[in-house]
Amino acid sequence: MTDTTYTAAWVPDDDPARSPDVAAELAASWAQFQEITDPAALEAAGPDAVEDAVAHNAVLTAESAAAEYRHEALVMLGRSEDAQAEARKAYETELAKPWFQALPDSDDAQRAATEAAAKAQTRTAEHLLTVRLEQLHTQARPTPVRPAPWTQRLPELAAHPLDGEALEVTA
């Protein structure tokens, strides 16, 4: 089989992994796998071994893509107004601590304030991402539907009276 056959076999048509970047990464990692694997040993292992290798390759590629997407989302959210505001507050709060008030321009004070701002910005970006993912999960989750009563689901059966045997069991 060719690389594209494996890519197509393991990625559904409506999957975001169909993007050219992910498909190219899948093809590249499969080509690398083929370079380091002895074809005779792969054939001797049977068709399940090839399918397992392709599946494992797809999982690793998907995990890598998900981590990259998460990182990019955190970087973008870290640039948001909310994250920048939290960073400014943390920076000012750190400089306002009593032990830095005497020398707010000292290297130690500036370093501590910068570290506090970076941590606040990162935490805010993570919080914003968590909130957004929860919103998306809520939207994707179907609302539970209460089933209709039996009299509406099976009207022809509900209309028939129970026979004597069934009446004895229910009594």
Side-chain angles (χ1 to χ4, degrees), residues 2-38 42 45 48-148:
T2 65
D3 298 340
T4 55
T5 305
Y6 280 122
T7 302
W10 291 100
V11 182
D13 289 337
D14 61 346
D15 196 300
R18 282 273 183 196
S19 73
D21 294 340
V22 175
E25 191 174 333
L26 272 172
S29 60
W30 179 248
Q32 182 183 17
F33 173 78
Q34 286 178 321
E35 287 176 13
I36 62 173
T37 305
D38 179 23
L42 196 56
D48 290 342
V50 173
E51 289 179 11
D52 289 345
V54 171
H56 181 69
N57 184 33
V59 167
L60 292 178
T61 302
E63 288 173 348
S64 173
E68 185 177 326
Y69 293 150
R70 177 180 167 73
H71 173 73
E72 289 175 9
L74 287 172
V75 168
M76 287 177 19
L77 290 170
R79 295 179 186 144
S80 70
E81 289 182 27
D82 291 343
Q84 295 295 324
E86 286 296 321
R88 281 191 297 277
K89 284 184 207 173
Y91 186 87
E92 292 166 3
T93 301
E94 191 67 26
L95 288 179
K97 289 185 177 178
W99 49 88
F100 290 133
Q101 284 183 353
L103 297 169
D105 293 332
S106 71
D107 288 343
D108 289 339
Q110 292 298 316
R111 187 178 315 110
T114 303
E115 286 176 11
K119 286 179 184 178
Q121 186 176 9
T122 301
R123 281 193 310 267
T124 303
E126 289 171 348
H127 171 72
L128 292 172
L129 180 60
T130 301
V131 167
R132 180 63 181 141
L133 289 174
E134 183 58 38
Q135 289 172 347
L136 291 173
H137 284 275
T138 302
Q139 289 174 357
R141 199 175 303 138
T143 55
V145 178
R146 185 174 174 179

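At least one donor-acceptor pair closer than 3.5 Å links the side chain of T61 to the backbone N or O of N57.
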Just list the side-chain donor-acceptor pairs under 3.5 Å for residues 72-87, sequence neighbours left out, or say none.
residue, atom, partner, partner atom, Å
S80, OG, L77, O, 2.7
S80, OG, A83, N, 3.3
Q84, NE2, G78, O, 3.1

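Applying the side-chain hydrogen bond (donor to acceptor under 3.5 Å, both in side chains) test to every pair with at least one member in residues 91-108, sequence neighbours left out, gives these pairs: Y91-Q110, E94-K97, D108-R111. Each salt bridge (Lys or Arg N to Asp or Glu O under 4.0 Å) pair with one or both residues in residues 117-129, not counting sequence neighbours, would appear here, but there are none.
Taking both residues in full, the closest heavy atoms of A90 and A116 are given as CB-O, 3.6 Å, listed atom of the first, atom of the second, then distance.
Qualifying side-chain contact (heavy atoms from CB on, under 4.5 Å) partners for E35, counting only residues two or more places apart in sequence or in other chains: none. By the side-chain hydrogen bond (donor to acceptor under 3.5 Å, both in side chains) test, R70 is found to be paired with no residue, residues two or more places apart in sequence or in another chain being considered. Scanning for side-chain contact (heavy atoms from CB on, under 4.5 Å) contacts around R141 gives E134, H137, T138, with sequence neighbours left out.
Here the side chains of L60 and H56 are in contact, with some heavy-atom distance below 4.5 Å.
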